[in-house]
There are 2 protein chains.
Amino acid sequence: MRLATWNVNSVRSRLDALVPWLAATRPDVVVLQELKVQQGEFPFAEIAMTGYQVALVGQKTYNGVAVLARQPIAVRATSLDDGADDPQARLIDCEVAGLRVVSVYVPNGGEPGSDKYAYKLQWLRRLRAWLDRTCAPCEALAIGGDWNIAPDDLDVRYPAAWKDTVLCTPEVRRAWRGLCQWGLCDAARAVHPEARMFSWWDYRAAGLERNDGLRIDHWLVTAPLRDRLVAAGVDQDLRHGDKPSDHAPVWIELAGGG
Amino acid sequence: MRLATWNVNSVRSRLDALVPWLAATRPDVVVLQELKVQQGEFPFAEIAMTGYQVALVGQKTYNGVAVLARQPIAVRATSLDDGADDPQARLIDCEVAGLRVVSVYVPNGGEPGSDKYAYKLQWLRRLRAWLDRTCAPCEALAIGGDWNIAPDDLDVRYPAAWKDTVLCTPEVRRAWRGLCQWGLCDAARAVHPEARMFSWWDYRAAGLERNDGLRIDHWLVTAPLRDRLVAAGVDQDLRHGDKPSDHAPVWIELAGGG
DNA sequence: GGACTGCCCG
DNA sequence: CGGGCAGTCC
């Protein structure tokens, strides 16, 4: 079975790319980020036409995450649910196709040292606490999303240019390794230990033309799913075409399960 | 020779309609309104590609009028030039193809009784004074534009719905008749004395679907040109297609002259 | 409804 | 650069 993650940067302005992509690639499960839409404004009809069901947590203007699947989806949680006063729609936790599937949109972090950066680090700590509290490394768990973390310099086309930016600081990379130590595995990297795979090119400064890419969209999976991993990749063509998202979809393929 | 007038409602967002329309219909002279662009931001290169030269008076956000032609254009005036402190770009007066061609964008007028309505009536009085001062009924003069006047109930699909709106008040119709009495002739109406011809359908309230149209875009011509009139019409298809202007082009055909 | 103006965000 | 927003205009 195939799982895909895509930061669409507004689901409404990406519908004309999303619908054909779903129809052409038919992943079993899709997680989306940056819907930039409230639940009531989500284009349910257009997605239903493709044969996908939807579970989402929406928000006006910013954030918003969803799980799409061709099988029924049971929502387990729509927030980190830790009592924090945080209105940002950045996580949805679902049961679908025999898996526990989570869509996450990790805060970008603005600039190192900013309030936004503190929020990013805090959010990653809260996510780790949420894993400790509600998940187990032995269950079939896949967390896909825009992590806003390039785990290693191998994940950055021009590491010197991105050194100490919020996508690459030692602190966020340490948080990433903490998640891996908990029992999550960077699926695409496990399949392609040495490959330069990028999932995001900045709209600004002609990032795409200069292939100034980073790998910041990931699937993190627990051991039971890591053992079923057979393939992984990036649909780079989605970053080309017109009116693209700044992110390309990242997919993984698991043996069995449909 | 053929003259066309079109309120494009932003020349930049209408380029993909304007360029093919110029290429397909090749009018000798085109007058445009609501460019919504400063001179420096006008898409000169794209228009030049079609073989047209341009004279324009631009303004940020609002108004802006132009004359396009495949022959050289000599600009005579870019305002009513009556000493009024009026920064709005609503008139350009040119010499082209042996004619005097003027592009006008008459103020809409908001609501009857409003300041905007007073400005509309005042602008029409100033236009009449400008005619008296700078033009003569015996010269070959054609004034095309968005007049924001439906001269008669015949020019309104649902006259009761538009009665006493700023497009139809007795006062603006009186101003219109004053221009006709000066020596201008409503060209499209002269060619089609009884026809219901509409040039504008409101974006709102499904104006197009209900064919709730009005004829507010006109060519006014002096006697020498009236005597050469052979045809007139509206390119209604331009109001359909996607991302249309709310106005359709209105054209007239003169015998001789190219 | 669909242009525009800023402005915020990544 | 390319999403979103509110506010203004027609």
Side-chain angles (χ1 to χ4, degrees), chain A residues 7-17 33-38 41 58-64 88-90 105-111 114-117 119-120 146-148 162 165-167 200-210 212 214 216-217 239 241-247, chain B residues 7-15 17 33-38 41 58-64 88 90 105-111 114-117 119-120 146-148 162 165-167 200-210 212 214 216-217 239 241-247:
Chain A
N7 178 322
V8 288
N9 189 11
S10 168
V11 70
R12 284 176 296 188
S13 51
R14 215 64 58 215
L15 254 193
D16 289 346
Q33 301 84 37
E34 283 206 86
L35 304 177
K36 291 187 173 178
V37 78
Q38 286 171 302
E41 318 299 323
Q59 180 182 331
K60 192 173 188 163
T61 312
Y62 301 119
N63 311 315
Q88 300 192 26
R90 296 187 174 275
Y105 177 44
V106 174
N108 171 281
E111 299 287 319
S114 66
D115 289 355
K116 285 175 185 158
Y117 186 64
Y119 173 66
K120 177 181 194 167
D146 175 359
W147 292 82
N148 274 312
W162 291 91
T165 65
V166 289
L167 307 178
W200 176 77
W201 295 259
D202 202 325
Y203 283 128
R204 294 165 289 188
L208 187 64
E209 292 63 38
R210 296 167 31 242
D212 182 9
L214 291 86
I216 60 177
D217 300 273
R239 182 61 176 85
D242 52 34
K243 295 277 156 201
S245 168
D246 44 351
H247 296 253
Chain B
N7 177 323
V8 289
N9 189 11
S10 169
V11 69
R12 283 176 296 189
S13 50
R14 215 64 57 215
L15 254 194
Q33 301 83 39
E34 282 207 86
L35 303 177
K36 291 186 172 177
V37 76
Q38 287 172 302
E41 318 300 322
Q59 182 182 331
K60 193 173 188 161
T61 311
Y62 302 120
N63 312 312
Q88 300 192 25
R90 295 186 173 275
Y105 176 45
V106 174
N108 171 281
E111 300 286 320
S114 66
D115 289 355
K116 285 176 185 157
Y117 186 66
Y119 173 66
K120 178 181 194 168
D146 175 359
W147 293 82
N148 273 312
W162 291 90
T165 65
V166 289
L167 307 178
W200 177 78
W201 295 259
D202 202 324
Y203 283 127
R204 295 164 290 188
L208 188 64
E209 290 64 38
R210 297 167 31 242
D212 182 10
L214 290 87
I216 60 177
D217 300 273
R239 182 62 177 81
D242 52 35
K243 296 276 156 202
S245 167
D246 44 351
H247 296 254

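All values below come from the heavy atoms of this structure, side chains included, with hydrogens, waters and symmetry mates left out. A note on names: the letters A, B, ... follow the listed sequences, proteins ahead of strands, and every chain is numbered from 1.
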Q) Atom CZ of B/Arg12 and atom P of C/dC4: how far apart are they, to the nearest Å? A) 6 Å
Q: Look at the side chain of B/Ser13 and decide which nucleotide, out of D/dC10, C/dC4, C/dG10, has an atom nearest to it.
A: C/dC4
Q) CG of B/Asn63 versus P of D/dT8: gap in Å, rounded? A) 18 Å
Q: Using a cut-off of strictly less than 4.0 Å, decide whether A/Arg14 has a side-chain nitrogen or oxygen near OP1 or OP2 of D/dG2.
A: no
Q: Let me know the distance between OH of B/Tyr62 and C1' of C/dG2, rounded to the nearest Å.
A: 13 Å
Q: Report yes if at least one side-chain N or O of B/Lys36 is closer than 4.0 Å to OP1 or OP2 of C/dG2; otherwise report no.
A: no
Q | Separation of D/dG4 C1' from A/Gln88 CD (nearest whole Å) | A | 14 Å
Q) Are any of the side-chain heavy atoms of B/Val166 and B/Asn148 separated by less than 4.5 Å? A) no
Q. Where the side chain of B/Tyr203 is concerned, which of C/dG10, C/dG2, D/dC5 is the nearest nucleotide?
A. C/dG2
Q) Quick one: is A/Ser10 getting a side-chain N or O under 4.0 Å of the D/dG4 phosphate, OP1 or OP2? A) yes
Q: Would you check if there is a donor-acceptor pair between the side chains of A/Glu34 and A/Tyr105 at a distance under 3.5 Å?
A: yes
(Q) Between A/Lys60 and D/dG3, is there a contact of a side-chain N or O with OP1 or OP2 at under 4.0 Å? (A) no
Q.
Could you walk me through whether B/Lys36 and B/Asn9 satisfy the side chain to side chain contact (heavy atoms under 4.5 Å, CB included) test, starting with their C-alpha distance in whole Å, then the side-chain angles of each, then the deciding distance to 0.1 Å, before giving a yes or no?
A. CA-CA 7 Å; B/Lys36 291 186 172 177; B/Asn9 189 11; 2.8 Å; yes
Q) Are OP1 or OP2 of D/dG3 and a side-chain N or O of A/Ser245 less than 4.0 angstrom apart? A) no
Q: Indicate yes or no: at least one non-hydrogen side-chain atom of B/Trp200 is less than 4.5 angstrom from one of B/Leu167.
A: yes
Q. For the pair made of CD in B/Gln33 and C1' in D/dC9, what is the distance, rounded to whole Å?
A. 17 Å
(Q) For a quick check under 3.5 Å, do A/Asn108 and A/Lys120 share a side-chain donor-acceptor pair by atom type? (A) no
Q) Rounding to a whole Å, what distance do you find between A/Asn9:CG and C/dC9:P? A) 15 Å
Q. Rounded to the nearest Å, what distance is computed from the CD atom of residue B/Glu111 to the P atom of nucleotide D/dT8?
A. 16 Å
Q | Gap between atoms CD and C1', on B/Glu34 and C/dG1 respectively (whole Å) | A | 14 Å
